[in-house]
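Here the structure is laid out as structure tokens; the discussion comes afterwards.
As the structure is a prediction and not an experimental result, all values here were calculated from the model. Hydrogens, waters and symmetry mates are skipped; everything else that's a heavy atom, side chains included, is used. Counting from 1, the numbers follow the sequence of the chain as shown.
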Amino acid sequence: MPRIRLAGETLADWFGRCLKGVPLDVIYNAETLPVVLGMVQQVSGTPAILLQQARSLPTNRSFTVPFHRLALPLRNDDDAIGHVLGVSVFSSRDGHGHGAERTSIEREWIYPLAMAAAERTTTERTAAMVA
């Protein structure tokens, strides 16, 4: 089970506690965990850059909170994907302090790294031709 290695202020504020070192299955409930694990698998397994537009229903609340999540694969010294860097930006502070009862993905953009490398190479070639 993946663990949170480093947690910033936004995540700590959203869940109302420090999550450093905590496994994902302790943080997320049975309904939300598959969404998060799917994101981790997609980013690390492809590997890919992922951007999500999502909504979370905070625990003990009747309204959803929109947010965006960016996830990036990070390589270890042996060149294998060993970590996923995730950044979540919530549109409001409503519901913070309890975590999510349910999360739904509204839109998702996936950029496989092979595609990103191909786009970079094309851009570099175009720049070289212009110069």
Strictly distance-based, threshold 3.5 Å: is any side-chain N or O of Thr46 a donor or acceptor partner for the main-chain N or O of Pro112? no

Can you name the closest pair of heavy atoms from Cys18 and Val22 and give their distance? O-CG2, 4.5 Å

Linking I/L/V/M/F/W/Y whenever any side-chain heavy atoms sit under 4.5 Å apart, do Phe63 and Leu57 land together? no

Cluster link Leu85 to Ile81, ILVMFWY, side chain under 4.5 Å: no

Measure the spacing between CD1 of Ile49 and OH of Tyr111 and express it to the nearest 0.5 Å. 9.0 Å

Atom CD1 in Ile110, atom CE in Met39: separation rounded to 0.5 Å? 11.5 Å

Can you give me the closest heavy-atom contact between Arg17 and Ile27, atom names plus distance? NH2-CA, 4.2 Å

CZ of Arg3 to CG of Leu24: how many Å apart, nearest 0.5 Å? 9.5 Å

Rounded to the nearest 0.5 Å, what separates atom OG1 in Thr32 from atom CZ in Arg102? 8.5 Å

Test applied, side-chain contact (heavy atoms from CB on, under 4.5 Å); reference residue, Pro66; option that passes from Gln53, Glu106, Arg55: Arg55

If you group Ile, Leu, Val, Met, Phe, Trp and Tyr by side-chain heavy-atom gaps below 4.5 Å, do Leu37 and Val35 land in one group? no

Between CG of Leu19 and CD1 of Ile4, what distance do you get to the nearest 0.5 Å? 6.0 Å

Mind running side chain to side chain contact (heavy atoms under 4.5 Å, CB included) on Thr103 and Phe67 for me, showing each step along the way? CA-CA 10 Å; Thr103 297; Phe67 71 97; 3.9 Å; yes

Under 3.5 Å, which donor-acceptor pairs link side chains of residues 68-77 to any protein atom two or more places apart or in another chain?
from: Arg69; atom 1: NH1; to: Gln52; atom 2: OE1; distance (Å): 2.7
from: Arg75; atom 1: NH1; to: Asp79; atom 2: O; distance (Å): 2.8

